[in-house]
Amino acid sequence: MAATKDIPSSILIIGSGVFGLSTAHALAQRDAFKSSKITLLERLDFPAPDAASIDTSRIIRPDYADGAYAALMAEAHPHWRGEFGAEGRYTESGLCLTQDTNADGGDDDAHLYLVRALENVKTRLGLKVGRRENGGQVEPMETPEDVGRVTSCMGGECGKRGYVNWTSGWADAEAGMCHMRKLVEILGRVEFKTAEVAKLNYGKDRVESVELVGGEKLTADLVVLATGAWTPKLVDLRGIASATGQVLAYIDITQEEQDRLGSNPVVLCETNGMFIIPPRNRELKVARHGYGYANLTRIPHPERQGEMITVSLPRTKQDDPKMNISFEGDKACREYLAKSIPDLATRPWTHTRICWYTDTPTGDWLISYHPTYSNLFVTTGGSGHAYKFLPVVGERIVDIMSGNEKDDLGAELTKKWKWPEQRKKVDHVWTDDWRGGVKGMYLDEEMAKGQKEMAKSRL
Ligand SMILES: Cc1cc2nc3c(=O)[nH]c(=O)nc-3n(C[C@H](O)[C@H](O)[C@H](O)COP(=O)(O)OP(=O)(O)OC[C@H]3O[C@@H](n4cnc5c(N)ncnc54)[C@H](O)[C@@H]3O)c2cc1C
């Protein structure tokens, strides 16, 4: 166990996504921090529309191949089922995890993930196996007919086998974040400021000041970087974590379609990473949990003057309001929609979005003091799966910050999330965590290909 840390008199959290806001919530409730001045800085008015934490929906599931995340979800789930998830913020629709190969197709990575996830929810969480009508909570699906039975209202093919977990579901992501913000406001301990951090001014072994766009400098005993996919601009994370762009597409549906599809489970195909969240308010979302796009960008080294480095950073509709998904991403979403819900195959997207993960090599988060700068704590690396922990992750973050692991799970998580002893010798991290899509796509190249393809289709 790490040594208990001194309590800082001032804490400056930068970034109001899942990690930043939940940290503020936990700090504001702890007696140990009752004399600390807590400030939360966010570059856009909350909720920042291009933050990873802000969207119509996020999957809430304990279905993890890694038992530690399944166990952490067992802590978060009661909150989603209680007041935190009330008023439509959480819907326990079930989650149908499928794969596109059948039993004689071999045991690929998608299959192994499913087998391990099913094992964890059975043994670590004690979920009951069996048909739902007989009181079962998880139902293995051995054949395409089994998958078809669970997803019949979609009318298409959603996979060859897998399992459905009826205790999983999805959250209205933006509503969940707004609720968390309200809980923090009620505590009256956190000062919120809208301002963009331009850079951290680094001394030999500490952050001397936080410089805002416009030049104002702020100082704090402890600086907490929770800036999601933008973090590599403020601290050197080469070989540790990188921004990767993920595709999302939305369509409007009719009330009849809403009634038919609205209580469907979330469907997620482990083979290609594609998923469909059940519609709400006549809007349906198709997306991919993929390796994503790298957006390589030359920037001044965040820690060393006079040096330039190349890192992947987000590009969003804040930078280019006309930015949509690439041709490749559009095609992947369209094909998956056509296959799963043939009725909707040609329905135009109302809007699309590239949303940015902060990927690490293993998919484990980065929650740790910086090894060089003693007053810098970094909490990022969500790797496309942190939202579901919103109600509880702040507690675990503050445990690590304080050097107090309250249980064995805490010790396991601290180890998983610690600053790595060695960086990968690469500018951009392509995760080895389970993903769909192709590894090695670059945003500019894919966007340019899209323009060529669209020009061809107009000829
Ligand atoms: C498309 C997509 C689908 C996902 N699906 C799921 C899912 O189904 N289930 C699940 O559990 N998780 C999912 N996730 C993952 C989850 O949403 C993220 O892991 C989580 O939201 C990351 O939170 P964060 O705080 O790191 O980042 P963010 O939410 O991006 O927050 C970072 C904040 O920092 C601010 N900021 C950045 N730079 C600065 C600066 N210089 N100055 C001031 N403020 C700054 C930003 O404006 C932003 O608000 C998904 C993510 C994406 C992108």
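Order of listing sets the numbers, starting from 1, for every ligand and every atom in it. Positions are given from 1, in the same order as the sequence printed here.
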Q) Looking at ligand 1, does Ala229 have a heavy atom less than 4.0 Å from it? A) no

Q: Over all heavy atoms of both residues, which pair between Leu40 and Ser16 is shortest? Give the atoms and the distance, please.
A: CD2-OG, 3.8 Å

Q | For atom 43 (C) of ligand 1, closest protein heavy-atom neighbour | A | Arg43 N, 3.3 Å

Q. What residue and atom, counting heavy atoms only, is the protein's closest point to atom 7 (C) of ligand 1, and at what distance?
A. Ile59 N, 3.3 Å

**Q.** By side chain to side chain contact (heavy atoms under 4.5 Å, CB included) - contacts of Glu119 (at least two apart)
**A.** Lys122, Thr123

Q. Taking N or O atoms only and a 3.5 Å limit, does Lys388 qualify as a polar contact for ligand 1?
A. yes

Q: Answer yes or no on whether Arg181 is positioned over the face of Phe46, meaning its NZ or CZ is under 6.0 Å from the six-membered ring centre and within 45° of the axis.
A: yes

**Q.** Subset of ligand 1 atoms that lie under 4.0 Å from at least one heavy atom of Ala48
**A.** 47 (O), 49 (O)

(Q) Could you check whether Arg30 pairs with Asp399 (Lys NZ or Arg NE/NH1/NH2 to Asp/Glu carboxylate O, under 4.0 Å)? (A) yes

Q) For atom 51 (C) of ligand 1, which candidate among Trp365, Tyr357, Tyr69 holds the nearest heavy atom? A) Tyr357

(Q) Are any of the N/O atoms on Gln246, whether in the backbone or the side chain, positioned under 3.5 angstrom from an N/O atom of ligand 1? (A) no

Q) Does the N or O separation between Ala386 and ligand 1 drop below 3.5 Å for any pair? A) yes

Q. Nearest to atom 27 (O) of ligand 1, what protein heavy atom do you find, and at what distance?
A. Gly228 CA, 3.5 Å

Q) Any idea which of Ala173, Gly17, Ala52 brings a heavy atom closest to atom 31 (O) of ligand 1? A) Gly17

**Q.** Identity and separation of the nearest protein heavy atom to atom 23 (O) of ligand 1
**A.** Ser53 OG, 3.2 Å

Q) Closest non-hydrogen protein atom to atom 24 (P) of ligand 1, residue and atom name please, with distance? A) Phe19 CD1, 3.8 Å

Q) Does Gly15 reach ligand 1 with a nitrogen or oxygen that is under 3.5 Å from one of the ligand's nitrogen or oxygen atoms? A) no

Q | Nearest non-hydrogen protein atom, atom 45 (C) of ligand 1 | A | Thr227 CG2, 3.7 Å

Q.
Among all protein heavy atoms in this structure, tell me which lies nearest to atom 12 (N) of ligand 1, with the distance rounded to 0.1 Å.
A. Tyr387 N, 3.2 Å

Q | Closest contact, heavy atoms only, Gly159 versus Asp100 | A | CA-OD1, 3.9 Å

Q) In terms of atom number and element, which parts of ligand 1 are under 4.0 angstrom from non-hydrogen atoms of Ala226? A) 32 (C), 33 (C), 34 (O)

Q) In the protein, what heavy atom is nearest to atom 35 (C) of ligand 1, and what distance, to one decimal place, separates them? A) Glu42 OE1, 3.2 Å

Q. Can Glu446 and Lys449 be counted as an ion pair, charged N to O under 4.0 angstrom?
A. yes

Q) Would you say Thr358 touches ligand 1, if touching means a heavy atom closer than 4.0 Å? A) no

Q. Ala195: heavy atom below 4.0 Å from ligand 1, yes or no?
A. yes

